[in-house]
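Shown next, in structure tokens, is the structure this report addresses.
Computed from a predicted structure; not experimentally measured. Proteins get letters first, then strands, A, B, ... in listed order; numbering begins at 1 in each.
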Number of protein chains: 2
Amino acid sequence: MARSEQRNGNHLPVTPPTLADVAERAGVSRQTVSNAVNNPDLLRPDTLERVRQTIAELGYSPNRAARNLRTRTSQLIGLRFAPAQEGTANAAMDRFVHSLVEASEVAGYHVLLFPGDDEDPVGGYDNLLRSTAVDAFVVTDTYLGNPQAAWLSQQRAPFVAFGRPWDDDEARHVWVDVDGAAGIALATQHLIDRGHTRIAWIGWRKDSPIGEDRRSGWLRTMHANGLSTTGLASRVEDVVHSGAEAAAVLLDESTPTAFVCASDTLAMGVLHTLWIRQLAPGRDIAVVGFDDSQVAQVFPVGLTSVRQPLEDVAVEVVKALRALLTHQPVEERGVLLEPTLAIRESS
Amino acid sequence: MARSEQRNGNHLPVTPPTLADVAERAGVSRQTVSNAVNNPDLLRPDTLERVRQTIAELGYSPNRAARNLRTRTSQLIGLRFAPAQEGTANAAMDRFVHSLVEASEVAGYHVLLFPGDDEDPVGGYDNLLRSTAVDAFVVTDTYLGNPQAAWLSQQRAPFVAFGRPWDDDEARHVWVDVDGAAGIALATQHLIDRGHTRIAWIGWRKDSPIGEDRRSGWLRTMHANGLSTTGLASRVEDVVHSGAEAAAVLLDESTPTAFVCASDTLAMGVLHTLWIRQLAPGRDIAVVGFDDSQVAQVFPVGLTSVRQPLEDVAVEVVKALRALLTHQPVEERGVLLEPTLAIRESS
DNA sequence: GACGCCACTTGGATCGATCAAGGGGGCGGG
DNA sequence: CCCGCCCCCTTGATCGATCCAAGTGGCGTC
């Protein structure tokens with residue numbers, strides 16, 4: 001095929017303009033162009049205008065690699081995007097990532113995703129760190145015994161966690177989290193305000209600090225209102241099936257009129273049981289979930305759910321990152337945000 | 001605070017080892033170390049071993065910025081992470097991103113997320129492209145009139161689309177897509193095999209090529225089996241509410257025994273109507289959705305749904321990107337993958 | 001008229017890798 | 001014994017921006 005040998009008239013590897021190109025065209029020095037980009041204040045207004053115009057004409061944008069090399073930054077934030085577990089929690093993660101991408105953009109950063117395998121939980125971090133591919137990390141899964149936060153601290157790598165270091169009193173890193181207990185308290189109070197007195201709790205197993213935290217919100221709100229909680233709590237696996245079973249048992253033994261659940265997944269189980277028993281959610285029995293997942297929104301009977309302010313979390317995370325990266329003194333080691341309640345037909 | 005003036009014994013900005021450091025320690029030249037990393041074949045086995053050992057001892061990893069500058073690549077793939085619309089389609093996107101991150105990793109790439117606003121749809125692309133921050137893009141939302149693909153083509157920027165260029169016959173770019181019609185055909189045949197003859201279609205409005213494509217799968221399978229389709233099709237907005245209404249109308253007017261829907265969202269609407277009418281999904285009326293979203297999985301009655309092979313899509317996308325970036329001749333301009341059917345209780 | 005200051009310019013070095021070309025030593029052939 | 005060759009490795013230049021230090025011309029001030 002002689003055709004494939006054709007001269008590529010417009011296939012030329014068009015090299016983007018460089019700083020020097022702009023300088024020459026604008027009749028100034030490289031340094032001046034650099035200043036126009038990074039320290040506009042140093043230029044006389046008319047010069048600045050001229051340089052800016054040339055930049056626009058040529059479509060110049062500083063070469064990232066060169067800048068990164070010189071300034072020893074990458075303007076990238078690493079985020080481990082763990083394999084999707086097929087559950088409802090993922091949707092929340094998705095919302096968080098979106099918010100993080102936007103908050104980062106405002107601060108001049110981009111988000112770099114990298115995979116993580118459970119066998120070598122810090123491998124991905126290590127690579128990116130040693131090759132100075134990212135400036136900092138955002139760590140999301142701070143579950144019990146997760147070695148990432150500790151490892152990053154030890155490496156003196158800048159990072160901010162979404163989630164409290166529940167099990168590690170030694171932790172000195174910066175974190176942002178949502179007050180789950182307050183969210184559940186909100187939900188419980190909402191049900192009490194609607195006249196419910198027998199409100200059941202379906203949560204996770206005892207070894208989950210997050211689950212216990214959320215549970216405490218229910219407990220304290222019930223007691224604060226002088227309501228009994230005996231026989232009204234259940235702790236199960238976070239799957240639909242378990243939620244359904246727990247609801248059935250509680251309905252039989254303790255006749256609650258409302259359920260507060262540690263997750264939307266469990267709430268789905270409750271709805272399942274109600275459906276089987278021909279009980280109408282919202283009218284006969286109220287149900288509240290946690291995470292305001294898509295399921296909650298599109299379910300035939302909209303599920304009332306605790307909604308984490310993930311947009312705000314992202315903003316706080318980025319704010320903390322900026323502080324870390326500019327070596328500003330750390331004001332707050334941890335930020336705790338209040339969730340809201342998305343009220344729908346199920347309550 | 002005199003304390004804050006303390007010498008930072010271990011707070012030193014520990015500079016990672018460089019190629020030169022390794023070279024010196026191993027008693028070879030920089031180039032030899034570089035070759036050990038990039039062209040191991042060029043070294044004598046014993047030298048290679050020695051250099052590798054030194055690399056391991058120092059924990060050396062090539063500086064990304066420097067390498068990027070010299071090689072004029074970034075090993076990054078840009079992906080616009082558009083603001084989350086609260087719907088079921090998002091979950092699929094999420095699964096795709098996960099798969100893409102993992103497939104990219106294998107090929108030595110990372111995924112860079114950037115936000116996109118609708119007012120300036122190509123702004124984000126333009127910035128990254130001009131600053132040579134990414135090597136290529138993956139474009140996901142190739143909906144009608146989306147200017148991105150055309151713009152990128154015009155800029156001669158390497159990119160691969162997930163989704164066919166439905167409305168643009170001129171399009172010359174590489175794409176990967178899932179055969180929605182085949183998926184719906186699969187679903188329809190599945191229902192026919194179960195003995196259904198009156199199978200209704202609830203799809204999107206006529207101006208959606210994707211919707212019309214999926215609809216054609218239903219149409220051809222029905223006709224291939226000698227079944228009538230008159231009065232059994234409905235085209236509505238992709239929201240739960242509309243799906244519910246369409247189902248109600250169809251049930252009243254055409255007495256179908258099964259529904260095939262263009263999305264899980266619409267299928268949710270159908271389930272809603274069934275629930276109101278005390279009809280049991282799967283037993284009384286069969287329902288099939290599209291996208292195998294989380295909703296389909298956790299819904300009390302599991303929803304049968306067409307599942308896109310997003311893992312495979314990601315692999316194909318990355319394969320195509322590699323080919324583009326290594327300037328290999330393009331074998332296939334488009335790759336069409338077959339979806340599968342996730343069968344659950346609703347059918 | 002000397003001084004100082006502003007708004008640049010100038011020339012160079014630097015970040016850390018890769019590219020392109022340049023040795024040098026051992027070995028076989030003449 | 002010398003030449004040429006190949007294999008293995010070394011040397012210097014380079015990517016494009018930023019950092020740094022020193023210099024210049026014009027203008028206002030005292």
Side-chain angles (χ1 to χ4, degrees), chain A residues 13-52 54-55 58-75 108 127-135, chain B residues 13-52 54-55 58-76 108 127-133 135:
Chain A
V14 190
T15 313
T18 71
L19 196 81
D21 296 335
V22 177
E24 192 182 3
R25 196 156 202 267
V28 295
S29 66
R30 285 171 311 159
Q31 187 64 48
T32 301
V33 179
S34 180
N35 285 337
V37 175
N38 300 308
N39 300 84
D41 302 346
L42 296 180
L43 300 202
R44 212 170 39 201
D46 60 330
T47 314
L48 179 59
E49 178 53 34
R50 187 157 41 98
V51 174
R52 284 209 166 133
T54 315
I55 287 177
L58 294 181
Y60 167 77
S61 188
N63 181 303
R64 270 299 225 293
R67 172 179 277 182
N68 293 349
L69 175 58
R70 187 67 245 239
T71 61
R72 295 166 166 284
T73 65
S74 64
Q75 305 298 108
N127 277 333
L128 292 171
L129 198 55
R130 287 214 320 266
S131 57
T132 56
V134 302
D135 290 346
Chain B
V14 189
T15 314
T18 71
L19 197 83
D21 296 334
V22 177
E24 190 182 6
R25 196 155 202 266
V28 295
S29 68
R30 286 168 313 159
Q31 186 61 44
T32 300
V33 180
S34 178
N35 285 337
V37 175
N38 300 309
N39 301 83
D41 304 345
L42 296 180
L43 299 201
R44 214 171 38 201
D46 60 330
T47 315
L48 178 59
E49 177 53 32
R50 188 156 40 98
V51 174
R52 284 208 166 133
T54 314
I55 288 177
L58 294 181
Y60 167 76
S61 188
N63 180 301
R64 271 298 228 291
R67 174 180 276 182
N68 293 350
L69 174 58
R70 189 65 245 236
T71 63
R72 296 164 165 285
T73 65
S74 64
Q75 304 299 107
L76 290 179
N127 277 334
L128 293 171
L129 198 55
R130 287 213 321 264
S131 58
T132 57
D135 291 346

Measure all distances between protein nitrogen or oxygen atoms and nitrogen or oxygen atoms of nucleotides 6-9 of chain D, and list the pairs falling under 3.5 Å.
{"unit_1": "D:dC9", "atom_1": "OP1", "unit_2": "B:Thr47", "atom_2": "OG1", "d": "2.4"}
{"unit_1": "D:dC9", "atom_1": "OP2", "unit_2": "B:Arg44", "atom_2": "N", "d": "3.2"}

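Of the candidate nucleotides D:dG16, C:dA17, D:dT11, C:dA17 has the atom lying nearest to any side-chain atom of B:Leu19. The B:Asn63 side chain lies nearest to C:dG16 when the options are C:dG16, C:dG11, C:dA20. Comparing C:dT18, C:dG11, D:dG16 against the side chain of B:Thr71 picks out C:dT18 as the nearest.
Atom-to-atom, CZ of B:Arg64 to C1' of C:dG16 comes out at 14 Å; the value is rounded to the nearest Å. Rounded to a whole Å, the CD atom of B:Glu24 is 13 Å from the P atom of D:dT10. One interatomic measurement links the two molecules: CZ of A:Arg72 to C1' of C:dG16, which rounds to 9 Å at whole-angstrom precision. Atom C1' of nucleotide C:dT14 and atom CD of A:Gln31 are separated by 13 Å, given to the nearest angstrom. With rounding to whole Å, B:Leu58 atom CG is found 14 Å from C:dG16 atom P. Residue B:Leu69 contributes atom CG, which lies 8 Å from atom C1' of D:dA17 at whole-angstrom precision. What separates CG of B:Asn38 from P of C:dG16 is a distance of 17 Å, to the nearest Å.
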Take A:Leu43 and A:Arg52 through the side-chain contact (heavy atoms from CB on, under 4.5 Å) test and state the conclusion after the steps.
CA-CA 11 Å; A:Leu43 300 202; A:Arg52 284 209 166 133; over 6 Å; no
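In terms of polar N and O atoms assigned as donor or acceptor, the side chain of B:Arg30 comes within less than 3.5 Å of the base of D:dG12 in a complementary pairing.
Summarising the geometry, atom CG belonging to A:Asn38 is positioned 9.5 Å from atom CD belonging to A:Gln31; distances are rounded to the nearest 0.5 Å. The CG atom of B:Asn39 sits 11.0 Å away from atom CG of B:Leu48, with the distance rounded to the nearest 0.5 Å. Between atom CD of residue A:Glu49 and atom OG1 of residue A:Thr54 there is a gap of 9.5 Å, rounded to the nearest 0.5 Å.
Under the 3.5 Å distance criterion, with hydrogens and angles disregarded, no donor-acceptor pair is assigned to the side chains of A:Asn68 and A:Ser74.
Close to C:dT14, at under 4.0 Å from its OP1 or OP2, lies no side-chain N or O of A:Arg70.
Counting non-hydrogen atoms of other residues, nucleotides and ligands closer than 6.0 Å to CD of B:Glu24 gives a total of 12 or fewer.
As judged by a 4.0 angstrom heavy-atom cut-off over every strand, A:Asn68 is placed among residues making no nucleic acid contact.
In terms of heavy atoms, B:Asp135 sits closest to B:Gln75 at OD2-N, 2.8 Å.
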